[in-house]
Structure formats: structure tokens, C-alpha cells
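Chain identifiers are assigned alphabetically (A, B, ...) following the order of the sequence lines, protein sequences preceding nucleic acid strands; residue numbering begins at 1 within each chain.
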Protein chains: 2
Amino acid sequence: MRILVVEDDRTTADYIADGLRREGHAVDALAQGRDALVRATTEDYDVLVVDRMLPGLDGLSLVKALRAARVATPVLFLTSLGGVDDRIEGLNAGGDDYLVKPFAFGELSARVAALARRPRMQEAVTELVAGDLRMDLLARRVTRAGQEIDLLPREFALLEQLLRRKGRVLTRTMLLESVWDIRFDPQTNVVETHVSRLRAKIDKPFETELIKTVRGAGYRIEG
Amino acid sequence: MRILVVEDDRTTADYIADGLRREGHAVDALAQGRDALVRATTEDYDVLVVDRMLPGLDGLSLVKALRAARVATPVLFLTSLGGVDDRIEGLNAGGDDYLVKPFAFGELSARVAALARRPRMQEAVTELVAGDLRMDLLARRVTRAGQEIDLLPREFALLEQLLRRKGRVLTRTMLLESVWDIRFDPQTNVVETHVSRLRAKIDKPFETELIKTVRGAGYRIEG
DNA sequence: AGATCGCGATGCGCATCCTTGTGGTGGAAG
DNA sequence: CTTCCACCACAAGGATGCGCATCGCGATCT
């Protein structure tokens, strides 16, 4: 499989490129958006892995330009947290999926494979589902049993993470990283607090509870 | 196939025009942007081949003007080397493809054919609808529940963007870019202000509200 | 033709409301 | 009985919306 990685941070770029090569893919890596635009339009890749922040031409503009030039290669965005706007814009701009740094390599690998596998020119990963709960990332809307639920930004981000790793346990530390961008471990109980608030909205009013507590570990949402 | 070539350099213009004629196309050639604007709006071409640098009215402005006038004829830009930025700018302006000089004639021919072949992208999107709200782009009229509403230019542009991406969230950043043409992020709240005014006209007087605020993200109009 | 006037459109400042993290307390699980 | 988790109330900070001043344009009069 041919993969182009566009990432200006050398360490991250190597980390990704080496990992993917070890899995048997042909990987090219570039640091500049401009270079990537040229390369991606001339060569034929199966997947592009693109950092949102790039020198020269940022990732978003790069993908916009590619789409405008009718290059339909699936794109996986790497976004360094936070920017809720960033993610929405990324998806709207024609990104097909995104991954919030920091991420586990296995995660990246799985997403890349998923992107390459699915038929081209498809709509992005736009909807996450668990049971009768649906989350539409572009509309930024959540419904359960057909009923609309509105969530605050933090609640939304939290639920999104849980849904993206549906079936797996997310530790407090992982959630602090991906939702709050806190890498060290301060004495805080934000996670518990927000899980509680989230439950009040998506579990309490319904029959079955989706968010399970895993004592001593973290939380998990059912497949 | 009818093709209009807009290029001020006589040698290049002849090179292109003759080549295309030899392939059996009907080719007109003009040297001035202004002439091209008139011709392209009155005659019916399959493809325009436009140089970026033109005397009088440059290629970029020409295409912007055409798009504003709802002329959807596909455009192939000719740009003189290098300027990757130019390419992006051109694509944003509504150009459909790019060719960097110097180029091989075969390349040009192939791109022109590709442009003509593909289904018209912006075909006759003349009316935007959401619920009982209708926007007629040509007449520049908006009605809701059969009642005419008049909007100021900014309000109209804002509503148009929201309708074009109906069902998705548009962030403040995206709106600043598409409605105000502001690419950096100034400390301004124009978006909120105008959304407020727009609501006063299209939502307040009616039962259901169409424009939803998505806290922390942006605005969305219902599908 | 030029200058002045008046009105409407636009963006900014500020008040308001909402969101979110903290600390504390009670309760459940092991 | 201890530890971990759920939930509550509160305060601070941030996001949002509305009134007001300004700017620009077109009309009118000289």
C-alpha cells in the first residue's frame, strides 16, 4: 500500500513512517504542504496522513486544494487536540477521518487500513453509533432512540472519544489526554464529573445504560 | 466542442488555439480579460482556458466575476510556473483545474477533455431550501412560509452559506472566510452580530427557529 | 458639477448568560 | 472498613447577543 505522510515534526514523522513501513507499506514522508500538494497530485497514493499544522501551506488548505483538483485520495488528519473548530473544518474540507494527538500507533494503523479499504470517494467518518445512540460529527448532533439530545462541548468531546474506541476501556489518563490535553496527572476529578453529567443526559432518561464504569480502570461504552 | 482561449501572449495563444482546432474543436481566442468576460457570458462554451496574468482584468478576477454571474463553464487556468499559492487562490476563486507553463500540448488537451467530460459541478443551483424557507439566488429573494423577507447583502451572504451547507455546523472561522473573506483570526464578533440580525428576520417572526447555535462550535441550519 | 445632508448598513463594546472545573459530601463496591 | 466513584453547589472565565456609534453611499439642493 502506498502512503504519503505529511508532517513537519521530524520525530513524529519518523515514528509514523517507520511504523507503517514495518507493516509492509511503501511510505513517503514530506515536511512541507507545498511539496505534498505537488506530490499527491502527480503520484498515486492509497492514503494521505496529514498534520493540520504545517509550515507554508497548512493541512486544511492542502486538502481543499487537492479536492478542488479532483484528487480523491482518502486523508487522515492529525490534529493536536482541542480545536473543536479544527475538526469540523477538517471534515468539511474533505478530510475523511482524524486522529487527535497523542495517539497509539495501533490506532493510526487501523484507521489508515480502514480508509484504504473502503471504496473511494466516500463520505467521511461522519457518524458514530452505539446501540440506539447516534452522533453526527458534521451536524454536531446527538440522538438517542430518535430523540435529540444536546450536549455541551466538553460532553460532546468526551462522548466522541468513548464512541471512537467503543468496546474498549478508556482510562482517566487517556481521557484527560484526548479530551482535556492534560498529560500529567493533577489531582482533578473532571473526568468523573463530566461522565456524570453525560450520563444524566444520555443514560438516565433511557432504559439501558451505555456508559459502564470499570472500577479501578476507567470507562467503557458498549458496542 | 466549443473552447474559449484567453491569453495575451500571441505565440502561446496561437499554439493552443491551433492545436485544439487540429483536434476538431471550435476555438475562439481573446487577449483581454474584459472581452472574455463579455464573450463568456453571452456565448456558450464547453471549456475556458484562461491565463492567470492578463491585461485589464486578470484571470482570477475574470473567473470570480463569471462565477458571481452564475456562469459555470469549467475553467482551466494557465499559470506561469512556481506559484503554488496562485494555484490555490485560483481553485478557491472557482477555477476547476490548473496547468503550469511550460506544458506539453498533450497535457493541455487531456485536461480540457477531462473538464468538458465531467458533469457540471455547479449546475443550476438556483434555489436553496430549508423547511419553509426558500432562497432564490438569481432573483436574490428570500421567502419564508410564502412571505417575502428582505435581507441586507451581508445577511444574504451569510444565510446563503448556511444553506449551502445545510445540516452541518459552520464555525465562525469558516464563516469569516466565506462571507467576510477574512483569513486570519481577528478579535471580532461580526459573525454573532449578523447571525443575530438574520434571526430577527427569518426566525423571530415564525414558529420554528431554523438557525441553531451550537455552543463552542458555530451555527447550523436544519436540514 | 459640487457640496451637503440624511439614512441605512455595518462592526464594536459591553452586559448577560452559560459552561466548566473545584472542593466537598455521601454512597457503593470490594 | 477502606477506597473509589457519583453527584452537588459554587465561582470564574468564556462565549454569545444586543444596543449604539460610525462609516459610506445616494439623494437633493445650490
Practice problem: With rounding to the nearest 0.5 Å, note down the distance linking CZ in A/F77 to CG in A/D51. | Solution: 9.5 Å
Self-check item: Electrostatic pair B/E155:B/R197 at N-O distance under 4.0 angstrom
Solution: no
Quiz prompt | Sidechain N-carboxylate O distance under 4.0 Å for B/R2, B/D44 | solution = no
Quiz item: Can A/R164 be said to sit on top of A/Y98's aromatic six-ring, NZ or CZ under 6.0 Å from centre and within 45° of the ring axis?
Solution: yes
Quiz prompt | Minimum-distance pair of heavy atoms, taken over all atoms of A/P205 and A/A200 | solution = CD-O, 3.5 Å
Practice problem: Taking atom types as modelled, find out whether A/R199 and A/T213 have a side-chain donor-acceptor pair closer than 3.5 angstrom. | Solution: yes
Practice problem: Please state how far atom CD in B/E192 lies from atom P in D/dG14, giving the value in whole angstrom units. | Solution: 16 Å
Exercise. Over all heavy atoms of both residues, which pair between A/L62 and A/G33 is shortest? Give the atoms and the distance, please.
Key: CD1-O, 3.8 Å
Self-check item: Angle between terminal axes - the helix from C/dA1-D/dT30 to C/dG30-D/dC1, 5 pairs each end, rounded to 10°
Solution: 30°
Quiz item: Which comes earlier along DNA chain C counting from the 5' end, the contact point of A/R215 or that of A/E155, where each point is its nearest nucleotide?
Solution: A/E155
Quiz item: Going by heavy atoms closer than 4.0 Å, what residues in residues 193-213 of chain A are next to DNA chain C?
Solution: A/T193, A/H194, A/R197
Exercise. Output yes when at least one side-chain N/O atom of A/Y219 is less than 4.0 Å from OP1 or OP2 of D/dC4, else no.
Key: no
Quiz item: What's the shortest heavy-atom distance between A/T73 and A/L48, and which atoms?
Solution: CG2-CG, 3.9 Å
Self-check item: Electrostatic pair B/E148-B/R141, nearest N-O below 4.0 angstrom
Solution: yes
Exercise. Could you say whether A/V190 or B/N189 is positioned toward the 5' end of DNA chain C, judged by the nucleotide with the nearest heavy atom to each?
Key: B/N189
Practice problem: Could you list where the contact with chain B starts and ends along DNA chain C, reading 5' to 3', using a 4.0 Å heavy-atom cut-off? | Solution: C/dA9 to C/dT19
Practice problem: Please name the pair of heavy atoms, one in A/Q32 and one in A/P55, separated by the smallest distance, quoted to 0.1 Å. | Solution: OE1-O, 3.9 Å
